[in-house]
Amino acid sequence: MYTFSNKLKIGSFVLMVLGILGIAIGFISAPSTVEEAKAIVAGHGDAHGDAHGATDAHAAVAADAHGEAAEAHDASHDEHVFHQLRNKPWAALYVAAFFFFMIALGVLAFYAIQRAAQAGWSPLLFRVMEGITAYLVPGGIIVFVILVLSVLHMNHLFVWMDPEVVAHDHLLQGKSGYLNPTFFLIRAAIFLGGWIFYREYSRKLSLRQDESDDNSNFKLNFRWSAAFLVFYLVSESIMSWDWIMSVDPHWFSTLFGWYVFASMFVSGITVIAMITIYLKSKGYLPDVNDSHIHDLAKFMFGISIFWTYLWFSQFMLIWYSNIPEEVTYYVTRIADYRLPFFGMVAMNFLFPVLLLMNSDYKRLNWFVVLTGIVILAGHYMDIFNMIMPSTVGDQWFIGIPEIGSILFFAGAFIFWVFRALSSAPLQPKRNPFIEESRHFHY
């Protein structure tokens, strides 16, 4: 049985403490008044200072002619920037919370697929998958709490939750039957309840199978996994609309559910590979061989291409059609987020394809880990690009709140996953396909 080492525990706690400090600094440094927001923006440097000086005469004329309108516009702009800066620590927290939660959810989907397909190569990895999905409980609770705080107007992540905004927006009024706080939280609770229930029950059946003298628990797990996948496909799509796409409620994409699924799926498989390699290096998974790692790396390679196909399909169709309410989504990101926007495409497509194209490289543990780090960083940036433009606008940068949030949730993820891994033997005893998995070679 795997032993959760004190070094790993201490390391995870250190990450969480550093993360809490970073998150706290982010909230403390957020402006509390419009004047403080203006000072922060001015402190970042006014790139237009010279232009303002050169056009003083024109500005004076405009002020005389449209004084009241100009003042109202400036006040509205300042208020908007204030809310963006207030949103920054919340958005950083939400991006990191969702990112680590989606890793566990992606692993849950992969685990259910292996169970439903009765795959023969993967049973040796089931305990690793079950350990990672243990994070669904604390990770899901944290995300749900953030959503509740949004409903309570503790932040402005979801603009459609503001009654004053909805009152002046006919489009949001038309969507209010679906986008309303009560129904939003009910959907979130149902989805989280379904995902966590399947994880806990499947894990229970998996452990029971080890002590059983027949395959009844294995068969029951197969049926539950097949049924769960139907629920998952529907709930994951709606979740992506609710939790991510609705931060920009004027925009929509019919591919979005699949796009988010591809991101969480490849991230989850990447973490399975990295944790499996770590445990094997410590001598806890002696029967896992290079062929298992090779197959995980094949999934990392293949799903990265699938993600790219969805990204390009969504981008190309919207960009080519050039419908204003659709193309605005990409115009904003290309204008204000050029580096993270195109950088994450390179990290999520070019790097995995170039590094994992060769079959031999998929068997090199250090190479798979290196590629995995790039993939995870790229998909964090993917979530960053989905959330930040609609919540903080052009007031973004990766600073203390973002790094602190990543450290906190990374520490919590490591602690919860390895705690779960240490609670049961890492190798199933009576899975009908365990011998096939043990002798798997590609």
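- In Leu8, the CG atom is crowded: over 12 heavy atoms of neighbouring residues, nucleotides or ligands sit closer than 6.0 Å.
- Between the side chain of Trp251 and the backbone N or O of Glu326 there is at least one donor-acceptor pair closer than 3.5 Å.
- Atom OH of Tyr309 has 12 or fewer heavy atoms from other residues, nucleotides or ligands within 6.0 Å.
- For the pair Glu402 and Met388, the minimum side-chain heavy-atom distance is below 4.5 Å.
- Asp336 places no side-chain N or O within donor-acceptor distance of the main-chain N or O of Pro389, the cut-off being under 3.5 Å.
- Around the CZ atom of Phe351, the shell of radius 6.0 Å holds no more than 12 heavy atoms that belong to other residues, nucleotides or ligands.
- Side chain of Arg333 to main chain of Met386: a donor-acceptor pair is present (N/O by atom type, distance under 3.5 Å, no hydrogens or angles).
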Note to self: Between Phe265 and Phe261, does the ring-ring contact (aromatic ring centres under 6.0 Å, His included) criterion hold? Intermediate values first, please.
What the structure shows: CA-CA 6 Å; Phe265 202 51; Phe261 165 74; 4.9 Å; yes
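- Side-chain atoms of Ser235 do not come within 3.5 Å of backbone N or O of Phe191 as any donor-acceptor pair.
- Remark: the backbone N or O of Met344 is paired with a side-chain donor or acceptor of Asn348 at under 3.5 angstrom.
- When the shell of 6.0 Å around CH2 of Trp258 is examined, it contains 12 or fewer heavy atoms from other residues, nucleotides or ligands.
- Here the side chain of Asp210 pairs no donor or acceptor atom with the backbone of Leu207 at under 3.5 angstrom.
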Next item on the list: Decide ring-ring contact (aromatic ring centres under 6.0 Å, His included) for Phe299 and Phe110; before the verdict, give the C-alpha distance in whole Å, the side-chain angles of both, and the deciding distance to 0.1 Å.
Entry: CA-CA 10 Å; Phe299 277 109; Phe110 188 70; 5.1 Å; yes
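- Within 6.0 Å of the CH2 atom in Trp224, the count of heavy atoms belonging to other residues, nucleotides or ligands does not exceed 12.
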Next item on the list: For Trp319 and Tyr330, run ring-ring contact (aromatic ring centres under 6.0 Å, His included): C-alpha distance rounded to whole Å, both residues' side-chain angles, the deciding distance at 0.1 Å, then the answer.
Entry: CA-CA 8 Å; Trp319 191 260; Tyr330 287 106; 7.3 Å; no
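- Counting heavy atoms of neighbouring residues, nucleotides and ligands inside a 6.0 Å radius, atom CD of Glu325 exceeds 12 of them.
- Applying the 6.0 Å contact sphere to CZ of Phe252 captures no more than 12 heavy atoms from other residues, nucleotides or ligands.
- Taking every heavy atom of both residues into account, Ala346 and Pro352 meet most closely at O-CD, 4.4 Å.
- Between the side chain of His292 and the main chain of Trp121, a donor-acceptor pair closer than 3.5 Å is present.
- Taking the ring centroids of Tyr94 and Trp90, they lie at or beyond the 6.0 Å cut-off.
- The existence of a salt bridge linking Glu130 and Arg127 is confirmed by a sub-4.0 Å separation between a basic side-chain nitrogen and an acidic carboxylate oxygen.
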Margin query: Between Trp307 and Asp382, is the side-chain hydrogen bond (donor to acceptor under 3.5 Å, both in side chains) condition met? List the steps.
Written below: CA-CA 11 Å; Trp307 175 89; Asp382 191 15; 3.2 Å; yes
Margin query: One pair to check against ring-ring contact (aromatic ring centres under 6.0 Å, His included): Phe312 and Phe349. What are the steps and the verdict?
Written below: CA-CA 11 Å; Phe312 180 74; Phe349 172 59; 9.8 Å; no
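- In this structure a side-chain-to-backbone donor-acceptor pair under 3.5 Å is missing from Asn221 to Asn217.
- Without hydrogens or angle criteria, Gln114 side chain to Tyr111 main chain gives no donor-acceptor distance under 3.5 Å.
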Scan the side chains in residues 414-422 for donor-acceptor partners under 3.5 Å anywhere in the protein, sequence neighbours excluded, and list what turns up.
residue	atom	partner	partner atom	Å
Trp416	NE1	Ala134	O	3.2
Ser422	OG	Phe418	O	3.4
Ser422	OG	Arg419	O	2.8

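- A donor-acceptor pair is defined here as one N or O able to donate and one able to accept, closer than 3.5 Å; no such pair exists between the side chain of Ser263 and the backbone of Tyr259.
- When side chains are defined from C-beta on, Ser253 does not count as touching Tyr329, because their heavy atoms never get closer than 4.5 Å.
- Asn87 pairs by the side chain to side chain contact (heavy atoms under 4.5 Å, CB included) definition with Asn155, His156, Leu157, Thr391, Val392, not counting sequence neighbours.
- For the pair Arg187 and Tyr178, the cation sits on the ring face: its NZ or CZ lies under 6.0 Å from the ring centre, inside 45° of the axis.
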